[in-house]
Amino acid sequence: MDEKHKKENPLMDFDLLKKLVVSIGDVSEITGVPTRKIRYWEEKGIIKSEKEGEGTTRRYNYLNIKKILLVQELIEEGFTLDAAAKKVEKRMENISEVFRKLADNPTSDE
DNA sequence: GTTCTCACA
DNA sequence: TGTGAGAA
């Protein structure tokens, strides 16, 4: 049906996604993962968060949330943190690449 | 609301 | 592996 992008799709608001940065509490609500667990994973080095300027609060962007989501799914399937982390790292490479591509060139039809 | 540490299952 | 409780 749609062969070309005539208008902007709200579901493809990559600019918003790239600017989307929330705290650990919001991530726990979105991912359903307790804040304790998120800090625990980061403590193990599975996930990484960015510090907000002068604040010490962790800030997570879309990629971080996606990573947490992937880890959670894998662990629930029976994988361990290290195993899940490895698989997620692999996935993140593709995800970040595709995401960057789409966000930088949303008018490309492929 | 967030951070950290100590301790437990 | 994940959580509870206390303290700031």
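Note that this is a predicted model, so its numbers are computed, not measured. Numbers restart at 1 for each chain; the letters A, B, ... are given by sequence-line order, proteins then strands.
In plain terms, the two heavy atoms of A:M92 and A:L63 that are nearest each other are CE-O, 3.3 Å. Across every non-hydrogen atom of A:K51 and A:G55, the tightest pair is CB-O, 4.3 Å.
Separation of atoms CD1 (A:I38) and CD1 (A:I47) is listed at 6.5 Å; rounding is to 0.5 Å. Interatomic distance, CD1 of A:I46 versus CG of A:D82, reported as 7.5 Å (0.5 Å rounding).
Applying the side-chain contact (heavy atoms from CB on, under 4.5 Å) test to A:K87 and every residue at least two apart in sequence or in another chain returns A:L74, A:F79. Judged as a ring-ring contact (aromatic ring centres under 6.0 Å, His included), and not counting sequence neighbours, the contacts of A:Y62 are A:F99. For A:N64, the side chain to side chain donor-acceptor pair (under 3.5 Å) partners are A:N61, not counting sequence neighbours. Shown here are the side-chain contact (heavy atoms from CB on, under 4.5 Å) partners of A:E89, two or more places apart in sequence or in another chain: A:K48, A:K67.
Within residues 57-65 of chain A, the residues having any heavy atom closer than 4.0 Å to DNA chain B are, in order of number, A:T57, A:R58. Less than 4.0 Å separates DNA chain B from at least one heavy atom of each of the following residues of residues 24-32 of chain A: A:I24, A:G25.
A 4.5 Å side-chain heavy-atom check between A:V22 and A:I65 finds at least one atom pair inside the cut-off. A heavy-atom distance below 4.5 Å is found between the side chains of A:L70 and A:I95.
Applying the salt bridge (charged side-chain N to carboxylate O under 4.0 Å, His left out) test to pairs two or more places apart or on separate chains, those with a residue in residues 55-66 of chain A are A:E42-A:R58, A:E52-A:R59. Judged as a side chain to side chain donor-acceptor pair (under 3.5 Å), the pairs with a partner in residues 23-39 of chain A (not counting sequence neighbours) are, in order, A:S23-A:D26.
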Could you write out each protein N or O paired with an N or O of nucleotides 7-9 of chain B at a distance under 3.5 Å?
none

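Connection of A:V27 to A:V21 is not established within any shared hydrophobic cluster, with ILVMFWY side chains joined at heavy-atom distances below 4.5 Å, either directly or through further cluster members.
When the side-chain nitrogen and oxygen atoms of A:T56 are compared with OP1 and OP2 of B:dT2, none of them lie within a distance under 4.0 Å.
Rounded to whole Å, atom C1' of B:dC4 lies 16 Å from atom CD1 of A:I38.
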(request) Indicate for each nucleotide in nucleotides 1-8 of chain C, in 5' to 3' sequence, whether protein heavy atoms under 4.0 Å reach the base (B), only the sugar-phosphate (S), or nothing (-). (result) BBSBB---
